[in-house]
Undergrad: 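Take a look at the following structure, please.
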2 protein chains.
Amino acid sequence: MTDPDLPPRPKAAVMGDVADLAGVSAMTVSRVLNSPEKVRPETRDRVLQAVRALGYRPNSAARVLVTGKSGVLGVVSIDTTLYGPASTLYAIERAAREHDYLVSIASLSALNRRSIEEGVERLRQQSVDGIIIIAPHESATEGLRHLPPDLPVVDVGGGEDVHVPATAVDQRAGAVRATRHLLSLGHRTVWHISGPPNWIDASGRIDGWRAVLAAEGREIPVPLVGDWSAHSGYELGKRLPLEVTAIFAGNDQMAMGLFRALRESGRRVPEDVSVVGFDDMPEAAYFWPPLTTVRQNFGEVGRHAFALLRDRISGRESERRRLVEPELVVRESTARYPAE
Amino acid sequence: MTDPDLPPRPKAAVMGDVADLAGVSAMTVSRVLNSPEKVRPETRDRVLQAVRALGYRPNSAARVLVTGKSGVLGVVSIDTTLYGPASTLYAIERAAREHDYLVSIASLSALNRRSIEEGVERLRQQSVDGIIIIAPHESATEGLRHLPPDLPVVDVGGGEDVHVPATAVDQRAGAVRATRHLLSLGHRTVWHISGPPNWIDASGRIDGWRAVLAAEGREIPVPLVGDWSAHSGYELGKRLPLEVTAIFAGNDQMAMGLFRALRESGRRVPEDVSVVGFDDMPEAAYFWPPLTTVRQNFGEVGRHAFALLRDRISGRESERRRLVEPELVVRESTARYPAE
DNA sequence: CATTCGCTTGACAGCGCTGTGAAACGTCTC
DNA sequence: GAGACGTTTCACAGCGCTGTCAAGCGAATG
């Protein structure tokens, strides 16, 4: 950091100042900073010394202006307060940092095509080198269709028909595992509390769940539609028919609300009803009872997203779509039925 | 968005192109974009039309180069996956968006002075107009001392002796309310499961809790030190002496882990033990039992932080430090003792 | 000893935008 | 009809950096 008790400070040093002090031309200073191997060691040291002496800090705007690369990437995301997006964003930021990229964020003001386009536009105006979109919602797929073709974009958690490189957790596979697990415990069928309509992961989970039930010839109950919140899990839980013995909740929060509803109606988990969640948020192991759930590796998703974007930016070819396998974590909210 | 099926596209239009098409000089185009009132309406319309026709998008780098303002602000934050930082960040981003600022993030790789300085430096290199620091940790206070003096910085949730404008939730007041609430229910004293050492909010909560007990002449138990996680709440809960009847947990997650430990040892909440949390995360109302807790309004904190930074950037004077009042939310995890 | 070669360095232009001062153009006044 | 004035527009310079191409230099070659 610069010395705090320096005199009034004339002005931040620029490349020319460094050049003068080192007795070289500006171009040489630029070279020292960008491709040091092209400068003779002694010159380089002299320049570096001048840089330190003046506390010189390259002006990124000037560099961007001439190179056209900003070293900044944008993330357009829905509510970054949600566990999934927050974790993904965090992983992206870490990966970006390792490769000397900075991350700018634009959160969505609404879930529609316009809002996505707006976010992209906002980032684009700040000349980001590329954009990652975290918006697992139908409307995003819509918005993605109308992107400027020259901008590297990577989609996270979107639908299958997205025409940009994409990565996501395999929601369907997760739902399949959850449902199979419940059936294997002896349950006749499995109910589902789903995420809200038009959310990609919500439909993926419904698909997987339904497919297993169909394949096994089980009765397929109507899914109860929640909004990801514990509150909705609670409300839907209160309306659950008495004969239900197994429930696959669309995420951990809804499972939590569900727990409370079941308890209030005198049903025990897992003795009377088994519950599986989705996400494996850090708290899931401390639910009562500890929640059996499907773990999504958001860290990996974030890292992939960044890697894909990097490939796109540098013009490299890369996979079109990369799925991350979810993992069933069995804890104590599921049990054999009927109990032995 | 630009038309996707345009021919190979010669090159993005620049201001000169717009000027030519509109039959004016570049300066006039610039004026239309920045201070439209200084341009005669007819000219303005002609320019605007040319802008649209060419899909012209101003080059921010060039603008930043000459004006020195980037319209980007940086946020240096600890783990943005935690509820508090995530919520604050989100609120900042929303406030920023409303005022046409973009937000870049730099998360901390470690909790120490170096790491903060690194984050600040990374953002500074991208010429952000100002920085908000979310790092409620002693080490941040350290790092804040060594900031470049010319950079507008606002601190969130830091200590009281920070010399930059700051905003925070009044942790002490929250702890006081939580502790008083428990005492008012008849509990002899209140135990505390605290956040980890050197976290500003952890110490604020300890202070408030201890102050109330001292003022009331109650026994002051040794605080049990956790790490904010449900896991630590659980582990500490297992070691809780039998005579404990009231606990003030440093956050909701630890309260959750604590619930499980209490339950496993056969103690009922709230009949045998009352528990108060801190944060009021959205799930707190669906704990079993629903958690009495102290609500922190992170949205307000984020908005204040942005407002303070804006004042600093524009050279306006503003408050030195602005506290947000927390609110006690009484639910069902606390009860009279002994029960009536 | 003159010539060539490879490495290192420098001068200059230009990236796209905005601030400055001055010119151009009415409009109004005497 | 000339002068004064306010408004609108323009030409030019320059923000700080990097790419290009040419010059400088010592070493190696014939």
Side-chain angles (χ1 to χ4, degrees), chain A residues 9-51 54-72 100 124-129 150, chain B residues 9-51 54-72 100 124-129 150:
Chain A
R9 243 240 284 210
K11 204 160 188 217
V14 299
M15 195 174 265
D17 302 338
V18 176
D20 290 351
L21 182 58
V24 298
S25 76
M27 190 62 236
T28 299
V29 177
S30 173
R31 276 203 200 89
V32 170
L33 266 28
N34 298 309
S35 28
E37 75 284 358
K38 289 188 184 166
V39 177
R40 185 151 29 98
E42 306 106 70
T43 323
R44 193 192 309 160
D45 290 347
R46 216 150 21 99
V47 171
L48 253 19
Q49 214 172 307
V51 165
L54 296 174
Y56 170 68
R57 182 191 324 283
N59 178 319
S60 67
R63 189 212 243 82
V64 174
L65 181 58
V66 48
T67 61
K69 306 256 122 240
S70 64
V72 178
D100 288 318
R124 214 164 130 73
Q125 264 166 26
Q126 291 289 342
S127 43
V128 297
D129 292 341
D150 53 337
Chain B
R9 232 216 318 191
K11 201 155 189 222
V14 299
M15 196 174 263
D17 301 338
V18 177
D20 290 351
L21 182 59
V24 299
S25 76
M27 190 62 236
T28 301
V29 178
S30 173
R31 273 206 203 85
V32 169
L33 265 29
N34 298 310
S35 28
E37 75 284 358
K38 291 188 182 165
V39 176
R40 184 149 30 96
E42 305 108 71
T43 324
R44 194 191 310 159
D45 290 347
R46 217 150 22 99
V47 171
L48 254 18
Q49 216 171 303
V51 165
L54 296 174
Y56 169 69
R57 182 192 323 284
N59 178 318
S60 67
R63 191 212 240 81
V64 174
L65 182 57
V66 47
T67 61
K69 307 256 120 242
S70 64
V72 178
D100 289 317
R124 212 165 133 71
Q125 263 165 30
Q126 290 291 342
S127 43
V128 296
D129 292 341
D150 54 336

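Proteins come first, then strands; the chains are lettered A, B, ... in the order of their sequence lines, and each starts at number 1. Computed from a predicted structure; not experimentally measured.
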Undergrad: Return the 5'-most residue of the pair B:T28, B:L65 with respect to DNA chain D, ranking by each residue's nearest nucleotide.
TA: B:T28
Undergrad: Who are the side chain to side chain contact (heavy atoms under 4.5 Å, CB included) partners of B:R46, not counting sequence neighbours?
TA: B:V24, B:T43
Undergrad: For B:S60, what residues pass the side chain to side chain donor-acceptor pair (under 3.5 Å) criterion, not counting sequence neighbours?
TA: A:S127
Undergrad: Quickly work out the A:R63 CZ to C:dG14 C1' distance and round it to whole Å.
TA: 17 Å
Undergrad: Mind checking the CG-OH spacing from A:L33 to A:Y56? Nearest 0.5 Å is all I need.
TA: 6.0 Å
Undergrad: For A:M15 and D:dC15, give me the distance from atom CE to atom C1', rounded to whole Å.
TA: 14 Å
Undergrad: Once you round to the nearest 0.5 Å, how far does CE of B:M15 lie from OG1 of B:T28?
TA: 10.0 Å
Undergrad: Please list, chain by chain and in numerical order, all residues satisfying side chain to side chain contact (heavy atoms under 4.5 Å, CB included) with A:V72, sequence neighbours excluded.
TA: A:S70, A:L102, A:S104, A:V128, B:Q126
Undergrad: Can you tell me how far the CD atom of B:Q125 sits from the CZ atom of A:R57, to the nearest 0.5 Å?
TA: 7.0 Å
Undergrad: What is the bend of the helix from C:dC1-D:dG30 to C:dC30-D:dG1 when you compare the axis at one end with the axis at the other, using five pairs each and rounding to 10°?
TA: 50°
Undergrad: In whole Å, what is the span from the NZ atom of A:K69 to the P atom of C:dC15?
TA: 18 Å
Undergrad: Search all heavy atoms of A:R44 against all heavy atoms of A:V32 and return the closest pair with its distance.
TA: CG-CG1, 3.9 Å
Undergrad: State which residues pass side chain to side chain donor-acceptor pair (under 3.5 Å) with A:N34; sequence neighbours excluded, sorted by chain then number.
TA: A:S30, A:R63
Undergrad: Could you list the residues that satisfy side chain to side chain contact (heavy atoms under 4.5 Å, CB included) with B:L21, not counting sequence neighbours?
TA: B:A50, B:A53, B:L54
Undergrad: Which parts of residues 33-50 of chain B get close to DNA chain D, meaning a heavy atom less than 4.0 angstrom away?
TA: B:V39, B:R40, B:T43
Undergrad: Which part of the nucleic acid, if any, lies within reach of B:V64 when heavy atoms closer than 4.0 Å are counted: base, sugar-phosphate only, or nothing?
TA: nothing
Undergrad: Take nucleotides 20-27 of chain C nucleotide by nucleotide from the 5' end and write B, S or -, depending on whether a protein heavy atom sits under 4.0 Å from the base, only from the sugar-phosphate, or from neither.
TA: B-------
Undergrad: Can you list every salt bridge (Lys or Arg N to Asp or Glu O under 4.0 Å) pair that touches residues 26-38 of chain B, not counting sequence neighbours?
TA: none
Undergrad: Just compare C:dG16, D:dG16, D:dA11 and give me whichever is closest to any side-chain atom of A:V66.
TA: D:dG16
Undergrad: Which pair of non-hydrogen atoms, one from B:D17 and one from B:A12, has the smallest distance, and what is that distance?
TA: OD2-O, 4.3 Å
Undergrad: If you check every side-chain atom of A:S30, which of D:dT18, C:dC17, D:dG16 has the closest atom?
TA: D:dT18
